[in-house]
> 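Can you keep this structure in mind? I'll have questions shortly.
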Amino acid sequence: MTLDATRFYIDGSWVEPNSSQIQPVVNPATESSIGDVALGNSNDVDAAVAAAKAAFPAYARTTIKQRLGWLNYINDELIARNDEIADAITAQMGAPKTMSRAYQASSGPQHFGEIIRLLETYPFEIPMGTTTVRREPIGVCALITPWNWPINQIATKVAPALAAGCTVVLKPSELAPLDAAILADIIDKSGLPAGVFNLIHGDGLGVGAPLVEHKDVDMISFTGSTRAGVAISKAAAPDVKRVALELGGKSAAIVLEDANFEAAIPSIVGGVMLNTGQSCNARTRILVPRSKYELAASLAAKAANAVTVGDPTQDETAMGPVANRAQYDRVVAMIKAGQAEGATVLAGGPEAPAGLETGLYVKPTIFGDVTRDMSVAREEIFGPVISLMAYDSLDEAISIANDSEYGLSGAVWSASHDSACDVAAQLRTGMVHLNGAGLDSAAPFGGYKKSGNGREWGVHGLDEFIELKSVYGANP
């Protein structure tokens, strides 16, 4: 892996950072370095924001045809370089190769493609009697993205921002910067005007904070922890910047009495383990009727034990390592906390899987006999850990599901479509999956409560980067 994250892309050129500080990019499967990432500082932020600010007036006036040309080029290249992006993601955060190619890397063009489709007919001017309502780009946007779904989160921000006519400064996670470097290389060759897209690497203190606080940044779009989201909101408040946040989750899957448990339980377990539990919308609480608890426990344990954990470069691997040391330590600590609180380990545990003592590997873990007051039922673990909980009535199940400071996602399984829809309507979450239905890239992605504000994906994601202007008398 020779991808370079030691340079920044500012004002249409690759430049050396102001700071000489670097840190290794670590492969979690081997705990060895696969390269370095430069850690920028406030001077780099100033340069990138200045370039974006200077480029904005002209770019905001470009035509839809021009923007579609640039976006189509980027999308075509993302598709052409899918395996290269996937291999970078596998190396830097441990997602299995097959999963990286089928889901991680392909999510980039998935979202660019949807925005391209929307942009072809998106009404930037809406007549309302004698008034015209104009949809205009909000301005310079700071885009801060995480390590767990790197190109996905980059695409869900960069694509709509560019489509809207905004200019951007992207700060990807310093723990997973390599796919962002590939995107910058693609954009460099696309003909996009200088300064419209800028890439700087760095940590939260050195780059994130000065970027959020910068007086010339008009909007911040952030995906990450709730703790960081709160800090960003406070830092942005003095300038009344728009802030869009996609934060944490502790989502529940409610399995009704009439559901097909043999289909539901393995599907839920497999969905959590897909990215080693490192998805904000993972349904990590499984709620089942007490009468079906033993069946559910047996099915969940069997499904977890069947997950092939191992080297993420091997085709047979279904689950790779946890993405970084800090996250690994948290996951192991949370498993131990669950044991200490009295939860029953039905599968897995805190020990490394046999033969995988090198690397940040954790066993797929199922906790049983979990009550709503336990930390494993309340805190986002962000690892391959599921809490199985029993309920005595449907009202209790809905209460348990909603008894969380988060409200990102949820799931309902039932043989009755009407029953599933009725439960979905009562969940205080931004998304609900019925009987295993997948995500829809045209539908809004986001949550209630401490899971954030604003929405990504599709037209609702595009709207986040828009300001509304009423022009009275425009239609006499």
> Flag the pair Ile386 / Thr365 as yes when at least one side-chain heavy-atom distance between them is below 4.5 Å, and no otherwise.
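Not in contact.
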
> Could you give me the CA-CA distance, side-chain angles and deciding distance for Lys157 and Ser221, then say whether side-chain hydrogen bond (donor to acceptor under 3.5 Å, both in side chains) is met?
CA-CA 7 Å; Lys157 300 179 191 300; Ser221 180; 2.9 Å; yes

> If every non-hydrogen atom of Ala159 is compared with every non-hydrogen atom of His111, which pair is closest and at what distance?
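That would be CB-O, 4.4 Å.
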
> For Asp239 versus Lys241, what's the shortest heavy-atom pair and its separation?
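Smallest heavy-atom distance, with atoms named: OD2-NZ, 2.8 Å.
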
> Checking Glu31 against Asn27: is there a side-chain donor and acceptor pair closer than 3.5 Å?
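No.
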
> Working note: Ser107 + Ile151, criterion side-chain contact (heavy atoms from CB on, under 4.5 Å); need CA distance, chi angles, decisive distance, verdict.
CA-CA 7 Å; Ser107 66; Ile151 197 66; 3.8 Å; yes

> Would you say the side-chain atoms of Glu341 and Ser375 include a donor-acceptor pair closer than 3.5 Å?
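Judged by distance alone, the side chains do pair up.
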
> Assess the residue pair Phe112 and Leu78 against the criterion (side-chain contact (heavy atoms from CB on, under 4.5 Å)); give the C-alpha distance rounded to whole Å, side-chain angles, the decisive distance to 0.1 Å, and a yes or no.
CA-CA 9 Å; Phe112 267 90; Leu78 286 172; 3.6 Å; yes

> Does either side chain, that of Ser414 or that of Asp258, offer a donor lying less than 3.5 Å from an acceptor on the other one?
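Asp258 and Ser414 do have a side-chain donor-acceptor pair below 3.5 Å.
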
> Compare every heavy atom of Ala163 with every heavy atom of Ile115, then report the nearest pair and how far apart it is.
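Smallest heavy-atom distance, with atoms named: CG2-CB, 3.5 Å.
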
> Taking atom types as modelled, is there a side-chain donor on Thr429 or Lys449 under 3.5 Å from an acceptor on the other?
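Result is no, nothing qualifies.
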
> Aromatic rings Phe197 and Tyr9: how do their planes relate, parallel, tilted or perpendicular, breaks at 30° and 60°?
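Phe197 and Tyr9: tilted rings.
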
> Distance-only, no hydrogens or angles: does the Ser451 side chain make a donor-acceptor pair with backbone N or O of Leu247 under 3.5 Å?
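Side chain of Ser451 to backbone of Leu247, a donor-acceptor pair under 3.5 Å: no, none is there.
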
> Distance only, no hydrogens: is a donor on one side chain within 3.5 Å (strictly under) of an acceptor on the other, for Ser279 and Trp149?
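The criterion, which ignores hydrogens and geometry beyond distance, is satisfied for Trp149 and Ser279.
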
> Working to the nearest 0.5 angstrom, can you tell me the gap between Ser251 OG and His433 NE2?
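Output value for this atom pair is 8.0 Å.
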
> Would you indicate whether the side-chain heavy atoms of Ser404 and Arg285 approach each other to under 4.5 Å?
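Side chain of Arg285 against side chain of Ser404, heavy atoms only: contact under 4.5 Å found.
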
> At what distance, to the nearest 0.5 angstrom, does CE of Met334 lie from CD1 of Ile381?
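Reported to 0.5 Å precision, the distance equals 4.5 Å.
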
> What verdict does the side-chain contact (heavy atoms from CB on, under 4.5 Å) test give for His201 and Glu174, after you've listed the backbone C-alpha separation in whole Å, the side-chain angles of each residue and the deciding distance to 0.1 Å?
CA-CA 6 Å; His201 298 293; Glu174 70 278 15; 5.8 Å; no

> Is it the case that the side chain of Glu396 and the backbone of Asp392 share a donor-acceptor pair, with hydrogens and angles ignored and the cut-off at 3.5 Å?
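Yes, the answer is positive, given that a donor and an acceptor are paired below the 3.5 Å cut-off.
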
> Stepwise, does the side-chain hydrogen bond (donor to acceptor under 3.5 Å, both in side chains) test hold for Thr223 with Gln153?
CA-CA 7 Å; Thr223 299; Gln153 291 307 124; 3.0 Å; yes

> Report yes if some heavy atom in the side chain of Pro353 is under 4.5 Å from a heavy atom in the side chain of Tyr361; otherwise report no.
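Sidechains of Tyr361 and Pro353: in contact.
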
> I'd like to know if the side chain of Asp4 pairs up with that of Thr6 as donor and acceptor (distance under 3.5 Å, no hydrogens or angles considered).
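Side chains of Asp4 and Thr6: pair found under 3.5 Å.
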
> Compute whether any side-chain donor of one residue and acceptor of the other, for Asp179 and Gln92, lie under 3.5 angstrom apart.
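There is such a pair between these side chains.
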
> Going by heavy atoms in the side chains, are Val26 and Asn324 under 4.5 Å from each other?
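A side-chain contact under 4.5 Å is absent here.
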
> Using modelled atom types and a 3.5 Å cut-off, is there a donor and acceptor pairing between side-chain atoms of Thr226 and backbone atoms of Lys450?
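Such a contact is found between Thr226 side chain and Lys450 backbone.
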
> Quick one, Glu84 with Arg101, criterion salt bridge (charged side-chain N to carboxylate O under 4.0 Å, His left out). Give me CA distance, side-chain angles, the key distance, then yes/no.
CA-CA 9 Å; Glu84 179 186 359; Arg101 295 187 176 188; over 6 Å; no

> Using only atom types and a distance under 3.5 Å, with no angle test, would you say the side chain of Ser233 pairs donor to acceptor with the backbone of Gly229?
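At least one qualifying donor-acceptor pair exists.
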
> Are any side-chain N or O atoms of Thr276 and backbone N or O atoms of Gln278, one a donor and one an acceptor, separated by less than 3.5 Å?
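Pair absent, no side-chain N/O of Thr276 close to backbone of Gln278.
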
> Can you tell if the side chain of Leu295 reaches within under 4.5 Å of the side chain of Tyr293, non-hydrogen atoms only?
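With C-beta onward as the side chain, the pair stays apart.
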
> For the atom pair OG1 (Thr156) and CD (Glu114), what is the distance rounded to the nearest 0.5 Å?
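Interatomic distance, Thr156 OG1 to Glu114 CD, rounded to 0.5 Å: 12.5 Å.
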
> Work out which heavy atom in Ala95 is nearest to a heavy atom in Pro312; give both atom names and the distance.
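Looking at all heavy atoms of both residues, the closest pair is O-CB, 3.7 Å.
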
> Would you check if Lys250 and Arg378 make a side-chain contact, meaning some heavy-atom pair closer than 4.5 Å?
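In short, these two side chains do not touch, never coming nearer than 4.5 Å.
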
> What's the shortest heavy-atom distance between Leu356 and Ala352, and which atoms?
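Nearest heavy atoms, Leu356 then Ala352: O-CB, 3.9 Å.
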
> Quick one: OG on Ser225 to CD on Glu380, what's the gap to the nearest 0.5 Å?
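It is 8.5 Å, given to the nearest 0.5 Å.
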
> Aromatic contact between Trp147 and Phe382, with the criterion being ring centroids under 6.0 Å apart: yes or no?
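Distance test on ring centres: under 6.0 Å, yes.
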
> Just so I know, are the side chains of Val49 and Val217 near enough to count as touching, which here means a heavy-atom distance under 4.5 Å?
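Sidechains of Val217 and Val49: in contact.
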
> Is a donor on one side and an acceptor on the other found under 3.5 Å between the side chain of Glu16 and the backbone of Arg7?
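Checking the backbone N and O of Arg7 against the side chain of Glu16, no donor-acceptor pair under 3.5 Å is found.
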
> Determine whether the side chains of Asn275 and Gln104 contain a donor N or O and an acceptor N or O closer than 3.5 Å.
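Asn275 vs Gln104: donor-acceptor pair found between side chains.
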
> Evaluate Asp418 against Ser416 for side-chain hydrogen bond (donor to acceptor under 3.5 Å, both in side chains), listing each step before the verdict.
CA-CA 5 Å; Asp418 289 345; Ser416 166; 5.4 Å; no

> Output yes when Arg81 and Asp185 qualify as a salt bridge under the 4.0 Å nitrogen-oxygen rule, no when they do not.
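Asp185 and Arg81: salt-bridged.
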
> Applying the salt bridge (charged side-chain N to carboxylate O under 4.0 Å, His left out) criterion to Lys97, which one of Asp83, Asp87, Asp311, Asp315 satisfies it?
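For Lys97, the salt bridge (charged side-chain N to carboxylate O under 4.0 Å, His left out) test succeeds with only one of Asp83, Asp87, Asp311, Asp315, which is Asp315.
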
> To the nearest 0.5 Å, what is the distance between CZ (Arg455) and NE2 (His460)?
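The NE2 atom of His460 is 9.0 Å from CZ of Arg455, to the nearest 0.5 Å.
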
> Go through Val207 and Leu39 one step at a time and tell me if the side-chain contact (heavy atoms from CB on, under 4.5 Å) criterion holds.
CA-CA 8 Å; Val207 170; Leu39 300 181; over 6 Å; no

> Distance only, no hydrogens: is a donor on one side chain within 3.5 Å (strictly under) of an acceptor on the other, for Asp395 and Ser393?
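No pair is found: no donor N or O on one side chain lies under 3.5 Å from an acceptor on the other.
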
> State, with a plain yes or no, whether a side-chain heavy atom of Val168 is found less than 4.5 Å away from one of Asn198.
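No; the side chains remain at least 4.5 Å from each other.
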
> Please name all residues satisfying side-chain contact (heavy atoms from CB on, under 4.5 Å) with Thr344, sequence neighbours left out, ordered by chain then number.
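Once residues adjacent in sequence are excluded, the partners of Thr344 under the side-chain contact (heavy atoms from CB on, under 4.5 Å) criterion are Leu346, Asp369.
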
> Do any N or O atoms from the side chain of Ser387 and from the backbone of Val376 form a donor-acceptor pair under 3.5 angstrom?
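Checked: pair present.
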
> Mark yes or no for whether Asp422, through its side chain, and His417, through its backbone, hold a donor-acceptor pair below 3.5 Å.
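Judged by distance alone, no pair lies under 3.5 Å.
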
> Between Pro177 and Ala5, what is the shortest heavy-atom contact and its length?
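Looks like CG-CB, 3.9 Å.
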
> Between the side chains of Asn18 and Asp44, does any donor sit under 3.5 Å from an acceptor?
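Asp44 and Asn18 do have a side-chain donor-acceptor pair below 3.5 Å.
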
> Between Lys302 and Glu262, does any NZ, NE, NH1 or NH2 come within less than 4.0 Å of an OD or OE carboxylate oxygen?
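The answer is no: the pair does not qualify as a salt bridge.
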
> So, applying side chain to side chain contact (heavy atoms under 4.5 Å, CB included) with Ile286, which one of Leu299, Val370, Val272, Val255 is it?
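Only one of Leu299, Val370, Val272, Val255 forms a side chain to side chain contact (heavy atoms under 4.5 Å, CB included) with Ile286, namely Val255.
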
> To the closest 0.5 Å, what do you measure between SG (Cys141) and CE (Met219)?
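With rounding to 0.5 Å, SG (Cys141) is 5.5 Å from CE (Met219).
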
